[in-house]
Amino acid sequence: IYKFIFNVLIFYWLREDMFFEKHDNLAAMRQIIKDEITNSQRMIQLCREDSRLGYHSEAEGYLFYPEKLEARIKLLGKVLLECDNFTLNSPVVMRYTGELPEGIVAIAGTRAGEKMAVGDHAFWQVWHDHETLYVRCTGANVFQVEIEPCRLWPAIVAKLDKNGKFNYNKLIFRVEPNITIDNNTIRFPLEIFDGYRRKKFPMRINISTPEASWASGKPYPARLLHDTFNPARAGWLFIK
């Protein structure tokens with residue numbers, strides 16, 4: 001199981017490095033896929049020898065079992081075939097990185113930018129001073145800001161609730177940052193994105209109220225550290 005976790009982490013690291021730094025890591029990624037097909041085949045044999053394997057007592061169900069592993073092998077085979085047609089300059093890659101952003105875009109300069117609509121009654125603006133990112137929402141007493149610093153990390157979700165209480169998901173940080181709010185303006189220290197945000201590329205963002213959202217779509221049901229963030233319900237944020 002530790003080899004599986006290691007392979008997953010390395011595969012994602014290679015993919016991000018390839019997409020953003022344009023290094024050709026396909027050979028190493030293909031080998032990981034082949035290794036995982038072999039590992040899955042072996043796990044099927046072990047599961048059939050001992051039916052206790054894969055059982056999760058807390059979830060009261062099986063996390064893996066022969067049929068699920070067989071489906072995984074088929075999916076890995078499809079990914080292996082996709083590698084044959086992959087190119088670094090693919091539009092799919094550039095949409096992923098934000099080089100060819102799909103959907104709505106916000107630009108944070110050193111002055112408060114244009115007002116962008118959140119439904120019919122609320123608006124938001126964004127800007128920075130090289131140390132702090134400011135996000136202001138007007139026309140709503142209840143709102144939340146979601147910022148995804150990179151595609152492999154939970155979004156930072158900051159909320160102002162109906163009681164005027166401000167909070168954010170602190171558990172995703174090793175050291176609690178000083179994210180504050182004043183006059184409906186949330187202040188995000190830019191340093192909290194260090195190590196996650198690639199400075200030549202945009203982050204993703206969404207601002208929503210109980211009635212509307214800047215980016216179209218519906219929130220997901222709340223789930224652990226990811227809260228209600230829906231990756232498809234976000235626009236792009238360029239910091240200039």
Heavy-atom closest contact ([X] atom, [Y] atom, distance):
{"X": "Trp153", "Y": "Pro149", "result": "CD1-CG, 4.0 Å"}
{"X": "Thr97", "Y": "Phe201", "result": "O-CD2, 3.7 Å"}
{"X": "Ala215", "Y": "Gly235", "result": "CB-N, 4.0 Å"}
{"X": "His128", "Y": "Ala108", "result": "CD2-O, 3.3 Å"}
{"X": "Arg233", "Y": "Ser208", "result": "NH2-OG, 3.8 Å"}
{"X": "Arg204", "Y": "Ala234", "result": "CB-CB, 4.1 Å"}

Spacing of [atom1] belonging to [X] relative to [atom2] belonging to [Y], to within rounding of 0.5 Å:
{"X": "Ile10", "Y": "Arg15", "atom1": "CD1", "atom2": "CZ", "answer": "13.5 Å"}
{"X": "Phe188", "Y": "Thr180", "atom1": "CZ", "atom2": "OG1", "answer": "9.5 Å"}
{"X": "Lys78", "Y": "Ile33", "atom1": "NZ", "atom2": "CD1", "answer": "14.0 Å"}
{"X": "Arg95", "Y": "Glu102", "atom1": "CZ", "atom2": "CD", "answer": "4.5 Å"}
{"X": "Lys34", "Y": "Leu76", "atom1": "NZ", "atom2": "CG", "answer": "13.0 Å"}

Inset, instruction - For a side chain to side chain donor-acceptor pair (under 3.5 Å) with Arg136, tell me which candidate from Asp182, Asn183, Thr185 qualifies. - result: Thr185
Are the side chain of [X] and the backbone of [Y] linked by a donor-acceptor contact shorter than 3.5 Å?
{"X": "Thr209", "Y": "Ala212", "answer": "yes"}
{"X": "Asn25", "Y": "Ala28", "answer": "no"}
{"X": "Asn230", "Y": "Lys218", "answer": "yes"}
{"X": "Asn184", "Y": "Cys137", "answer": "yes"}
{"X": "Gln125", "Y": "Lys115", "answer": "no"}
{"X": "Asp161", "Y": "Asn163", "answer": "yes"}
{"X": "Arg198", "Y": "Phe20", "answer": "no"}

A side-chain contact here means heavy atoms from C-beta on lying under 4.5 Å apart; do [X] and [Y] qualify?
{"X": "Lys159", "Y": "Ile181", "result": "no"}
{"X": "Met29", "Y": "Cys83", "result": "no"}
{"X": "Glu148", "Y": "Phe229", "result": "yes"}
{"X": "Arg30", "Y": "Leu80", "result": "yes"}
{"X": "Glu146", "Y": "Pro219", "result": "no"}
{"X": "Met203", "Y": "Ile156", "result": "no"}

Inset, instruction - Please check if any side-chain donor atom of Thr87 sits under 3.5 Å from a side-chain acceptor atom of Asn89, or the reverse. - result: yes
Inset, instruction - Dump the intermediate steps for side chain to side chain contact (heavy atoms under 4.5 Å, CB included) on Met116 and Trp124, then the final yes or no. - result: CA-CA 5 Å; Met116 293 166 283; Trp124 77 284; 3.4 Å; yes
Inset, instruction - State plainly whether the residues Glu16 and Arg151 are in salt-bridge range, i.e. N to O under 4.0 Å. - result: no
Inset, instruction - Using a strict cut-off of less than 4.0 Å between a Lys/Arg side-chain nitrogen and an Asp/Glu carboxylate oxygen, indicate whether Asp50 and Arg52 qualify as a salt bridge. - result: yes
[X] [atom1]: over 12 foreign heavy atoms closer than 6.0 Å:
{"X": "Glu131", "atom1": "CD", "result": "no"}
{"X": "Asp17", "atom1": "CG", "result": "yes"}
{"X": "Leu224", "atom1": "CG", "result": "no"}

Hey, any chance [X] and [Y] share a hydrophobic cluster, counting ILVMFWY side chains that come within less than 4.5 Å of each other, even indirectly?
{"X": "Ile104", "Y": "Leu237", "value": "yes"}
{"X": "Ile192", "Y": "Trp127", "value": "no"}
{"X": "Tyr196", "Y": "Leu133", "value": "yes"}
{"X": "Leu26", "Y": "Ile37", "value": "yes"}
{"X": "Leu88", "Y": "Leu14", "value": "yes"}

Which of these, [options], sits in a side chain to side chain contact (heavy atoms under 4.5 Å, CB included) with [X]?
{"X": "Ser40", "options": "Lys68, Arg72, Lys74, Glu70", "answer": "Arg72"}
{"X": "Val157", "options": "Asn167, Asn169, Val145", "answer": "Asn169"}
{"X": "Ile207", "options": "Val135, Ile147, Val126", "answer": "Val135"}

Legend entry - Chi angles and distances behind the side chain to side chain contact (heavy atoms under 4.5 Å, CB included) call for Leu190, Ile239: CA-CA 10 Å; Leu190 283 172; Ile239 297 178; 4.0 Å; yes
Legend entry - side chain to side chain contact (heavy atoms under 4.5 Å, CB included) between Phe143 and Ile186, intermediate numbers included: CA-CA 11 Å; Phe143 68 95; Ile186 301 178; 3.8 Å; yes
Legend entry - Residues that, via side-chain heavy atoms closer than 4.5 angstrom, fall in one hydrophobic cluster with Phe238: Val105, Ile107, Trp236
Inset, instruction - Could you tell me how the ring of Phe19 sits relative to the ring of Phe86: parallel (under 30°), tilted (30 to 60°) or perpendicular (over 60°)? - result: parallel
Legend entry - Ring geometry between Tyr168 and Phe166 (parallel below 30°, tilted from 30 to 60°, perpendicular above 60°): tilted
Legend entry - Worked verdict on Val93 versus Met18 for side chain to side chain contact (heavy atoms under 4.5 Å, CB included): CA-CA 9 Å; Val93 173; Met18 184 165 65; over 6 Å; no
Please tabulate, one pair per line, all N/O donor-acceptor pairs under 3.5 Å involving side-chain atoms of residues 59-67, not counting sequence neighbours.
from, atom 1, to, atom 2, distance (Å)
Tyr62, OH, Ser51, O, 2.7

